[in-house]
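Only one structure is covered here, and it is reproduced in the block below.
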Amino acid sequence: MYKMPSRFVTSVAVMITALLFTTNVMAQTPPAVEGPPTPAAAPSVEDSMANFDKRLSLMEEWKATIERLPALSNKVNFGLNALQFLYTHQDAKTAEGRSQDNFGIRRSELLAYGKINEYIPKWHVLFEFQSINLANNTPDCAGAPGGNCAAKAGGTPTAGTWFRESYIDVRPFPNLAPNLNFIRMGVFRMPWGIFTETSGGLRDVISSPYLTSVGSGAQNNRGTGGPIEFVHERDYFVDMRGTLFNKLDYVGGIMNNNNYTANITGANGPKVGYGRLRYFLTDISFVSFTFLAGESNNTGTFINGSGKGEFDRFAVDFRYTSRLLPGFMIQGEAWTGHDGSNATTVGTPAQGACLDIAQCGGSGAPGAQRRTWYLLAKYLISDGPLRNFEPVVMYEQFDPNTKVSNDMYTRTIIGLNYYFENLPPKIQTKLMINYEFRDHQGTGPGTTVANTDAFANNAFLVQFQVRYQ
């Protein structure tokens with residue numbers, strides 16, 4: 001015979017008892033006299049305030065929750081890497097109708113970055129918008145027969161730089177960090193020296209040093225003159241980075257070596273290996289050693305005078321930040337390197353290392369050993385009436401060819417920076433004023449430079465910057 005579970009019997013008994021109790025109470029209670037419904041009592045002042053406080057509390061909790069969303073605080077972040085408004089006055093003589101004074105947007109860089117997880121600790125994208133060196137590439141058709149643009153020469157080629165940097169850090173073995181910290185792949189600033197790795201929004205002077213770019217006009221058969229990028233600032237890379245013994249940072253990798261803009265034209269030359277060791281004397285002072293080695297290629301490329309053949313760069317740099325005199329810092333870099341023969345000017349291709357210009361194009365210049373160095377010192381005043389002012393001084397030299405005399409570039413920069421206060425967190429605003437004493441000897445023995453040479457005439461620069469990260 002089937003037996004009901006005891007739990008079921010108990011539950012039924014409880015229900016029957018409750019029903020009998022309710023019926024008995026209703027039988028003993030007389031029915032209420034019907035009449036108009038009694039109006040509900042008005043809420044008290046205490047109840048109204050309690051409801052208000054509750055709603056306010058819920059709103060504050062919602063706001064706090066939104067601010068803590070990980071998608072906004074960790075994985076995806078936006079910033080303004082640098083917004084710079086620049087005024088320049090150049091003592092060099094200008095063409096009729098052009099001014100020695102110029103206004104422009106030096107940098108307008110939009111930054112996005114974040115962290116995915118411990119295996120991808122950082123991704124980074126930088127876009128740049130600027131008004132410097134832009135040109136109208138539309139030909140003037142007004143004078144052409146019938147207004148036919150096809151009968152006119154093409155306009156000036158224009159390159160608007162939007163995409164500037166994009167890289168991702170991969171940490172394949174988190175347990176090996178920081179000895180093998182991560183592998184970086186993409187387009188980014190060179191991990192060489194100090195200036196090339198420093199963002200434009202963090203530099204202490206307005207102009208870039210001559211080690212990144214110097215020269216104007218056309219190259220001659222001595223390999224001097226013309227624009228020279230001794231060390232370009234960005235390229236396509238893949239490298240490995242880490243820290244040993246908590247004192248020694250290392251970087252080692254490979255790059256295209258044609259500058260990241262050259263690759264737009266399909267100019268993909270021989271690869272170059274590079275590496276850097278940086279030893280930290282303290283947590284804020286260091287000394288570094290850098291090398292690049294490989295082969296450069298001038299065939300159909302725009303590589304700013306590197307030529308075809310052996311290519312190398314060696315450098316030492318240092319930075320000393322004082323604890324005895326807080327706010328004082330001095331840094332310097334010294335570079336030397338060899339370029340191949342038949343170096344090309346920007347946009348002028350050459351075929352091979354042949355020195356016959358008519359046959360091979362290019363400059364016909366032999367290989368050149370180049371050298372450059374600079375020293376920079378600054379002092380940020382933290383007290384008194386000159387608080388937040390920062391005087392800066394920098395001196396540099398660039399020798400385009402150590403075997404040729406009378407071709408030296410020199411420059412002394414005297415600057416004063418001012419950092420604004422009382423701004424929201426993460427916003428840095430500063431005003432920079434620089435005067436540059438420039439000198440360019442010539443392009444070889446017995447030569448002189450024209451009064452239009454910007455590198456032989458002094459310049460005055462003022463820049464206002466806003467940075468948010």
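The analysis underlying the following values was restricted to heavy atoms, covering all of them including side chains, and did not include hydrogens, waters or symmetry mates.
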query = With a 4.0 Å cut-off, would you call Arg313 and Asp339 a salt bridge?
reply = yes
What one should report as the nearest heavy-atom pair of Leu202 and Arg467 is CD2-NE, 3.6 Å
Leu180/Tyr250 under side chain to side chain contact (heavy atoms under 4.5 Å, CB included): CA gap, chis, key distance, verdict: CA-CA 9 Å; Leu180 172 55; Tyr250 70 86; 4.0 Å; yes
Side-chain touch Leu431/Val462, heavy atoms, less than 4.5 angstrom
yes
Margin query: Just checking Tyr435 against Phe437, ring centres under 6.0 Å apart?
Written below: yes
Sorted by chain and number, sequence neighbours left out, side-chain hydrogen bond (donor to acceptor under 3.5 Å, both in side chains) with Asn179 holds for none
Please determine whether side chain to side chain donor-acceptor pair (under 3.5 Å) holds for the pair Gln369 and Thr336, giving the CA-CA distance in whole Å, both sets of side-chain angles, and the decisive distance to 0.1 Å.
CA-CA 7 Å; Gln369 186 76 24; Thr336 185; 3.0 Å; yes
Correct closest heavy-atom pair for Ala368 and Asn401 would be CB-ND2, 3.7 Å
>> Between Tyr87 and Ile433, is there a side-chain heavy-atom distance shorter than 4.5 Å?
In response: no
Quick note, ring pair (Phe, Tyr, Trp, His ring centres under 6.0 Å) partners involving residues 165-198, not counting sequence neighbours, are His124-Tyr167, Tyr167-Phe188, Phe188-Phe237, Trp192-Tyr274, Phe195-Tyr374
Quiz item: For Arg241 and Asp239, what are the C-alpha separation, side-chain angles and deciding distance, and is it a salt bridge (Lys or Arg N to Asp or Glu O under 4.0 Å)?
Solution: CA-CA 7 Å; Arg241 306 181 181 212; Asp239 64 35; 3.0 Å; yes
Margin query: What I'd like to find out is whether the side chain of Arg171 reaches to under 4.5 Å of the side chain of Ile120, using heavy atoms alone.
Written below: no
The reported gap from OG in Ser382 to CG in Asn388 (rounded to nearest 0.5 angstrom) is 8.5 Å
| With the threshold set at 4.0 Å, does a side-chain nitrogen-carboxylate oxygen contact exist between Arg189 and Glu233? | yes
Output for pair (Thr321 OG1, Met329 CE), nearest 0.5 Å, gives 6.0 Å
Looking only at heavy atoms, the pair that brings Leu80 and Leu83 closest together is CD2-CB, 3.6 Å
Could you tell me whether the side chains of Trp373 and Gln397 share a donor-acceptor contact shorter than 3.5 Å? yes
Gly352 and Asn342 have their tightest heavy-atom pair at O-ND2, 3.2 Å
Sequence neighbours excluded, the answer for side-chain contact (heavy atoms from CB on, under 4.5 Å) partners of Tyr119 is Asn117, Pro174
Ion pair check, Lys430 and Glu390, cut-off under 4.0 Å: no
Pair Gln100, Gln90: side-chain N/O donor-acceptor within cut-off below 3.5 Å
no
Between Val125 and Phe127, the two heavy atoms sitting closest are CG1-CE1, 3.0 Å
Taken in chain and number order and not counting sequence neighbours, the residues that satisfy side-chain contact (heavy atoms from CB on, under 4.5 Å) with Asp399 are Thr402, Asp407, Met408
- Query: Does the ring center of Tyr379 lie less than 6.0 Å from the ring center of Phe328?
  - Reply: no
For Asn81 and Glu109 the tightest heavy-atom approach is ND2-OE1, 2.5 Å
Assess whether atom CG of Asp101 is packed by more than 12 heavy atoms of other residues, nucleotides or ligands within 6.0 Å.
yes
Margin query: Under 4.0 Å between a side-chain nitrogen and a carboxylate oxygen: does that hold for Arg106 and Glu128?
Written below: no
### Query
Taking it one step at a time, do Ile206 and Leu86 satisfy side chain to side chain contact (heavy atoms under 4.5 Å, CB included)?
CA-CA 9 Å; Ile206 298 173; Leu86 177 65; 3.8 Å; yes
Is there a donor-acceptor contact under 3.5 Å from the side chain of Ser296 to the main chain of Gly307?
-> yes
Could you walk me through whether Ile413 and Val392 satisfy the side chain to side chain contact (heavy atoms under 4.5 Å, CB included) test, starting with their C-alpha distance in whole Å, then the side-chain angles of each, then the deciding distance to 0.1 Å, before giving a yes or no? CA-CA 8 Å; Ile413 301 177; Val392 182; over 6 Å; no
side-chain contact (heavy atoms from CB on, under 4.5 Å) test vs Thr410 passes for just one of Tyr210, Phe398, Tyr395, namely Tyr395
Residue set satisfying salt bridge (Lys or Arg N to Asp or Glu O under 4.0 Å) with Asp204, at least two apart, ordered chain then number -> Lys378
Output for pair (Arg319 CZ, Thr282 OG1), nearest 0.5 Å, gives 11.5 Å
By side-chain hydrogen bond (donor to acceptor under 3.5 Å, both in side chains), Glu436 pairs with (sequence neighbours left out) Ser207, Arg411, Arg438
> Do the non-hydrogen side-chain atoms of Val316 and Ser288 ever get within less than 4.5 Å of each other?
Replying inline: no
Under the 3.5 angstrom rule, does the side chain of Thr198 hit a backbone N or O of Ile194 as a donor-acceptor pair? yes
* Are Glu295 and Phe311 side-chain neighbours, meaning at least one heavy-atom pair lies under 4.5 Å? -> no
Query - Any side-chain heavy-atom pair of Ile183 and Val238 under 4.5 Å - result: yes
Quick one: are Asp312 and Leu292 in side-chain contact, heavy atoms under 4.5 Å? no
Any Lys/Arg nitrogen of Asp317 or Arg278 sitting under 4.0 Å from an Asp/Glu carboxylate oxygen of the other?
-> yes
Check whether Arg371 reaches the backbone of Gly337 with its side chain - one donor and one acceptor, N or O, closer than 3.5 Å. no
Flag if over 12 foreign heavy atoms under 6.0 Å of NZ, Lys403:
no
- Considering only heavy atoms from C-beta outward, does the side chain of Thr429 approach that of Phe464 to under 4.5 Å? yes
Margin query: I'd like to know whether the aromatic ring centres of Tyr418 and Phe420 sit less than 6.0 Å apart in this structure.
Written below: yes
| request: I would like to know whether Lys308 and Cys354 meet side chain to side chain contact (heavy atoms under 4.5 Å, CB included); could you show each step before the answer? | output: CA-CA 9 Å; Lys308 178 174 176 56; Cys354 169; over 6 Å; no
